[in-house]
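Beneath this line is the structure, given in structure tokens, with notes to follow.
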Amino acid sequence: MSEPGPEKTAVDGLPPLRAVIEKHSLATKKSLGQNFLLDLNLTGRIARAAGDLSAATVIEVGPGPGGLTRALLMHGAAKVIVIERDARCLPALEEISAHYPGRLQIVEGDALKTDFAALAGGEKVRIVANLPYNVGTQLLVNWLEAEPWPPFYESLTLMFQREVAERIVAAPGDGAYGRLGVLAGWRTDAKIQFDVPPQAFWPPPKVTSSVVKLEPRVEPITADGKRLSLITQHAFGQRRKMLRQSLKALGGQALLDAAGIDGARRAETLSIEEFCRLANARI
Ligand code: SAM
């Protein structure tokens, strides 16, 4: 009797991801931050972290060969919209779309130039993504600065390098506290869900990754996001300096006086509420 051959299909009835990558010659490109997840158990865990998807439209940035996309569909997402920049991945995504008729919309394009609110089309969406490292932070900042608030999304479930995830969830006094922590804490409740080791990816990156979930707060402190972002950029750009020095270009001591904050303090000691006061101060 002959040995059983390699599995031809995965749990969802589609070919295993390694076979998909081979069939479509998807050699990974570093310039596009391509580290693919090949384990459907793990992508399933990310999909579950996003919550009940049965009534949800999910937007996924950077589906690549579709490991996470398949998990989202398998876990019952009513509709998934994917945005992929690398045209080589589109045939693999079309195969998934054929397997789940009417549930997968494929958009070829650059996520940084995408109007996500327009794509959501008035539906509340959940955004789920294993983000390309080179654009992940910028995308997150764009979503955090979304107007009007509450935003067009119900949640963001995103994979980052562990070090970036720690910055997102950091609180005052933490070594990782900075612009990302202020922006995320200003408008959302952000929590690290779990870590993902380098071996889970192809090719393995050098560092551990983490999945972070951010849920919008309905009533965040009122502040102009762009101004908050600018102030935190200056304040943490010279984080060891006193604020009267690091904020000099934005008004220095006069700005701090208007917000009622001691100019001898350092950025890492300020609460999010105090940063919002600085963003709202007029001089
Ligand atoms: N989601 C897949 C997974 O988990 O295996 C792939 C994740 S890989 C880290 C990032 C993906 O984002 C790649 O498929 C890459 O081509 C795509 N990408 C990179 N820059 C992009 C951009 N600006 N807009 C849309 N997709 C992008």
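Computation of the quantities below employed the complete heavy-atom set of this structure, encompassing side-chain atoms and omitting hydrogens, waters and symmetry-equivalent molecules.
Taking the six-membered ring where the residue is Trp, Phe152 and Phe116 present parallel rings, their angle staying beneath 30° rather than reaching 60°.
Between Arg187 and Pro216, the closest side-chain pair of non-hydrogen atoms is not below 4.5 Å. Residues Thr188 and Glu215 fail the side-chain proximity criterion, which asks for heavy atoms closer than 4.5 Å. Contact of the Phe201 side chain with the Asn130 side chain is registered, since non-hydrogen atoms from C-beta on lie closer than 4.5 Å. Looking at heavy atoms from C-beta onward, Leu278 lies in side-chain contact with Leu270 at the 4.5 angstrom threshold. Side-chain contact between Arg265 and Glu274 is present, with at least one heavy-atom pair separated by less than 4.5 Å. Lys191 has its side chain within reach of Gln193: a pair of non-hydrogen atoms, C-beta onward, lies under 4.5 Å apart. The closest side-chain heavy-atom distance from Val58 to Ile81 is not below 4.5 Å. Here the side chains of Pro172 and Thr269 are not in contact, with every heavy-atom distance at 4.5 Å or above.
We find the OG-OH distance between Ser209 and Tyr133 to be 12.5 Å, quoted to the nearest 0.5 Å. Here the straight-line distance linking atom CG of Leu104 with atom CD1 of Ile96 works out to 6.5 Å at 0.5 Å rounding. Interatomic distance, Ile106 CD1 to Cys89 SG, rounded to the nearest 0.5 Å: 11.0 Å. Between Arg179 atom CZ and Ile168 atom CD1 the span is 11.5 Å, to the nearest 0.5 Å. With rounding to the nearest 0.5 angstrom, the CE atom of Met74 is 12.0 Å from the CG atom of Leu53. To the nearest 0.5 Å, the span separating CE on Met159 from CG on Leu131 amounts to 9.0 Å.
With hydrogens and angles ignored, the 3.5 Å screen pairs a side-chain donor or acceptor of Asp174 with a backbone N or O of Ala171. Counting only distance, with no hydrogens or angles, the side chain of Arg266 and the backbone of Met242 share no donor-acceptor pair below 3.5 Å. For Trp186 (side chain) and Ile221 (main-chain N/O), a donor-acceptor pair under 3.5 Å exists by modelled atom type. A donor-acceptor pair under 3.5 Å is formed between the side chain of Thr43 and the backbone N or O of Leu40. At distances below 3.5 Å, not a single donor-acceptor pair connects side-chain atoms of Asp189 with backbone N or O atoms of Leu214. Under the 3.5 Å distance criterion, the side-chain polar atoms of Arg103 are matched with a main-chain donor or acceptor of Leu73. Here the side chain of Ser25 pairs no donor or acceptor atom with the backbone of Ile21 at under 3.5 angstrom. Judged by distance alone, with hydrogens and angles left aside, the side-chain atoms of Lys241 form no donor-acceptor pair with the main-chain N or O of Ala267 at under 3.5 Å. Formation of a donor-acceptor pair under 3.5 Å by the His75 side chain with backbone atoms of Ala50 is not found in this model.
Side-chain contact annotation: Thr157 with Arg126, donor-acceptor N/O pair under 3.5 Å absent. Asp195 and Thr208 are not linked by any side-chain donor-acceptor pair at a separation below 3.5 angstrom, with hydrogens and angles left out of the test. For the residue pair Glu60/Thr69, the side-chain donor-acceptor check at 3.5 Å is satisfied.
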- Go through the steps to decide whether Gln105 and Val82 satisfy the test side chain to side chain contact (heavy atoms under 4.5 Å, CB included), and finish with yes or no. CA-CA 6 Å; Gln105 180 183 338; Val82 293; over 6 Å; no
- Walk me through it: do Ile231 and Phe275 pass the test side chain to side chain contact (heavy atoms under 4.5 Å, CB included)? CA-CA 8 Å; Ile231 285 171; Phe275 273 112; 4.2 Å; yes
- Message: Between Trp202 and Asn35, does the side chain to side chain contact (heavy atoms under 4.5 Å, CB included) criterion hold? Intermediate values first, please.
- Response: CA-CA 5 Å; Trp202 179 257; Asn35 297 94; over 6 Å; no
- Message: Evaluate Ile46 against Leu68 for side chain to side chain contact (heavy atoms under 4.5 Å, CB included), listing each step before the verdict.
- Response: CA-CA 8 Å; Ile46 301 172; Leu68 182 53; 3.9 Å; yes
- Query: Under the salt bridge (Lys or Arg N to Asp or Glu O under 4.0 Å) criterion, do Arg227 and Glu145 qualify, and how do the steps go?
  - Reply: CA-CA 10 Å; Arg227 181 89 184 141; Glu145 290 178 354; over 6 Å; no
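Using a 4.0 Å cut-off between a side-chain N of Lys or Arg and a carboxylate O of Asp or Glu, Arg18 and Glu22 do not qualify as a salt bridge. Salt bridge status for Glu95 with Lys23: present, with a side-chain N to carboxylate O gap under 4.0 Å. A salt bridge is defined here as a Lys NZ or Arg NE, NH1 or NH2 lying under 4.0 Å from an Asp or Glu carboxylate O, and Lys226 with Glu147 fails to meet this definition. With respect to the salt-bridge test (charged N to carboxylate O, under 4.0 angstrom), the residues Glu108 and Arg85 do not qualify. Ion pairing of Glu123 with Lys79 is absent here, as no side-chain N (NZ or NE/NH1/NH2) approaches a carboxylate O to less than 4.0 Å.
Hydrophobic clustering, with ILVMFWY side chains joined whenever heavy atoms are under 4.5 angstrom apart, groups Val141 together with Leu158. By the rule that hydrophobic residues join a cluster once side-chain heavy atoms approach within less than 4.5 Å of another member, Val164 and Leu37 end up as members of separate clusters. Under the 4.5 Å side-chain heavy-atom criterion for Ile, Leu, Val, Met, Phe, Trp and Tyr, Leu17 and Leu42 are members of the same hydrophobic cluster. Leu90 and Ile83 sit in two unconnected hydrophobic clusters of ILVMFWY residues. Membership requires side-chain heavy atoms under 4.5 Å apart, directly or through other members. Put simply, Val135 and Phe36 are part of two different groups of oily side chains (I, L, V, M, F, W, Y) that touch within less than 4.5 Å, one to the next.
Between Val182 and Tyr177, the shortest heavy-atom distance links the atoms CG2-OH, 3.6 Å. Taking all atoms of both residues into account, the shortest heavy-atom contact from Pro203 to Gln34 is CD-O, 3.6 Å. In plain terms, the two heavy atoms of Leu93 and Gly64 that are nearest each other are CD2-O, 3.6 Å. Scanning all heavy atoms of the two residues, the minimum distance from Ser54 to Ala78 falls at O-CB, 3.5 Å. Of all the heavy atoms in Val169 and Ala190, the pair that sits closest is CG1-O, 3.6 Å. Minimum interatomic distance between Leu243 and Ala235 (heavy atoms only, all atoms of both residues): CD2-CB, 3.9 Å.
Taking the ring axis of Phe194 as reference, the NZ or CZ atom of Arg45 stays within 45° of it and closer than 6.0 Å to the ring centre.
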